[in-house]
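Excluded from the calculations below are hydrogen atoms, water molecules and symmetry mates; all remaining heavy atoms, backbone and side chain alike, are included.
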Amino acid sequence: MPDIEFSTSHGTAPGYLAVPAGESGPATIVMQEWWGLDEHIRSICDRLAAEGFYALAPDLFRGETTTEPSEAEQKMMALSMDQAEADMCGAANFLLAQPGVTGPGVGSVGFCLGGGLSVWAAATCPQITAAVSYYYVMPHGKPDFTNIKGPILGHFGMADEFIPVEAAEKLEAEIRDAGADVKFHYYEGAGHAFFNDSNRLGTYDKAQADTSWERTVTFLHSALDS
């Protein structure tokens, strides 16, 4: 049942769900880039399922995707944070209600726009107890980091034209100063969206992507396995 609808505090939302082969394991939400819920994000859900996780990506743009940066930016700026919060927390609640889901809480993984939303989910959804952020972009301000309830893992490219290393280091310090357990990794020579093997920037870096993926999977199992 890959394409599903789930309940939120605002009604219902669409999403893509990948289920592990044994139909038992921890769960994580997956937050999209500004392109929408495209094949790349779906493939990440599938890869997480292959690693033993239930993985649900809420469709924040309600079925719309784009390959045009200007349109993607417009969609990102128009995103309602009230809706996004409802989608993220609703997705986590849906996962916790699945009979095969194990563990004390739900994880969150996100990329670019979703990287920011992943941290936002950790600060606003009580069910999110671990979060992974890839090259965090957050156009709508910041949540209260003191509300983060679990560890945060971050991945940032040192050659990212959108997010300077200094900005990432400042963010890491802000989260740590708020009392959260946080660890950011910085990848030499990696640009923005270095994890995205379909990215339009030409910055995909397989070696760095593979390293970050191993760290992500290990982190999520450590935080979420009961």
Gln83 side chain to Leu60 backbone, donor-acceptor under 3.5 Å:
yes
Taking every non-hydrogen atom, the tightest pair across Ser108 and Thr28
N-OG1, 3.3 Å
Ring centre gap for Tyr135 and Phe194 strictly below 6.0 Å
yes
With rounding to the nearest 0.5 Å, note down the distance linking SG in Cys45 to CG in Leu37.
7.0 Å
Keeping Thr218 on the side-chain end and Arg215 on the backbone end, is there a donor-acceptor pair under 3.5 Å?
no
Heavy-atom closest contact (Gln127 atom, Ala92 atom, distance):
CB-CB, 3.9 Å
So do the side chains of Asn147 and Thr124 get within less than 4.5 Å of each other, counting heavy atoms only?
no
Residues Tyr187, Ser212; criterion side-chain hydrogen bond (donor to acceptor under 3.5 Å, both in side chains); working and verdict
CA-CA 9 Å; Tyr187 295 83; Ser212 71; 4.7 Å; no
Is it the case that the side chain of Asp205 and the backbone of Ala190 share a donor-acceptor pair, with hydrogens and angles ignored and the cut-off at 3.5 Å?
no
Taking the side chain as C-beta and beyond, is there a heavy-atom pair between Asp197 and Lys206 under 4.5 Å?
no
Do we see a donor-acceptor contact under 3.5 Å between the side chains of Thr146 and Asp144?
yes
CZ (Phe6) and CG (Leu56) are apart, to the nearest 0.5 Å, by 5.0 Å
Any ion pair linking Arg42 and Asp3 (charged N to carboxylate O, less than 4.0 Å)?
yes
Mind checking whether Tyr16 and Asp46 have side chains closer than 4.5 Å, heavy atoms only?
yes
Backbone of Phe184 reached by a side-chain donor or acceptor of Glu172 within 3.5 Å
yes
side-chain contact (heavy atoms from CB on, under 4.5 Å) partner of Phe111, chosen from Leu117, Ile41, Val132:
Ile41
Examine the side chains of Trp120 and Glu85 and answer whether a donor and an acceptor come within less than 3.5 Å of each other.
yes
State whether a side-chain donor-acceptor pair under 3.5 Å links Tyr186 with Asp160.
no
Would you say that Leu48 contacts Trp213 through its side chain, given a criterion of any heavy-atom pair below 4.5 Å between the two side chains?
yes
Say whether, by atom type as modelled, one donor and one acceptor occur between the side chain of Gln98 and the main chain of Phe94 under 3.5 angstrom.
yes
All heavy atoms of Pro14 vs all of Arg62, minimum pair found to be CD-CD, 3.5 Å
For Gln32 and Asp38, run side chain to side chain contact (heavy atoms under 4.5 Å, CB included): C-alpha distance rounded to whole Å, both residues' side-chain angles, the deciding distance at 0.1 Å, then the answer.
CA-CA 8 Å; Gln32 68 192 46; Asp38 59 9; over 6 Å; no
Over 12 foreign heavy atoms within 6.0 Å of CD, Glu23
no
One should read off an interatomic distance between Asp59 CG and Ile4 CD1, to the nearest 0.5 angstrom, of 11.0 Å
Atom pair CD (Glu33) and CG (Asn196), whose distance is rounded to the nearest 0.5 Å:
4.5 Å
Interatomic spacing from CG in Leu153 to CG in Leu220 - rounded to 0.5 Å:
8.0 Å
Look at the side chain of Glu64 and the backbone N and O of Gly36, then say whether any donor-acceptor pair between them is shorter than 3.5 Å.
no
Could you go through Asp87 and Ile29, starting from their C-alpha distance and side-chain angles, then the distance that decides it, and tell me whether this counts as side chain to side chain contact (heavy atoms under 4.5 Å, CB included)?
CA-CA 10 Å; Asp87 287 0; Ile29 62 173; over 6 Å; no
Checking the side chain of Ser118 only, and the main-chain atoms of Ala131 only, is there a donor and an acceptor separated by less than 3.5 Å?
no
Would a 4.5 Å heavy-atom cut-off, applied to side chains only, mark Trp35 and His40 as touching?
no
Using the side chain to side chain contact (heavy atoms under 4.5 Å, CB included) rule, take Trp34 and Lys75 through it: C-alpha gap first, then chi angles, then the decisive distance, then the call.
CA-CA 7 Å; Trp34 68 352; Lys75 289 182 180 298; over 6 Å; no
Student check: side-chain heavy atoms of Leu17 and Leu95 closer than 4.5 Å
yes
Between Ile148 and Val119, is there a side-chain heavy-atom distance shorter than 4.5 Å?
yes
Roughly how far apart are Phe195 CZ and Tyr204 OH, rounded to 0.5 Å?
7.5 Å
Least distance between heavy atoms, Ala122 atom then Ile128 atom
CA-CG2, 3.7 Å
Would you mind reporting whether Val109 and Phe53 have side-chain heavy atoms less than 4.5 Å apart?
no
Is it true that the side chains of His185 and Thr211 contain a donor and an acceptor less than 3.5 Å apart?
no
What are the two closest non-hydrogen atoms of Met158 and Gly189, and how far apart are they?
CB-N, 4.3 Å
Ala27 and Leu224: which non-hydrogen atoms are nearest, and at how many Å?
O-CD1, 3.5 Å
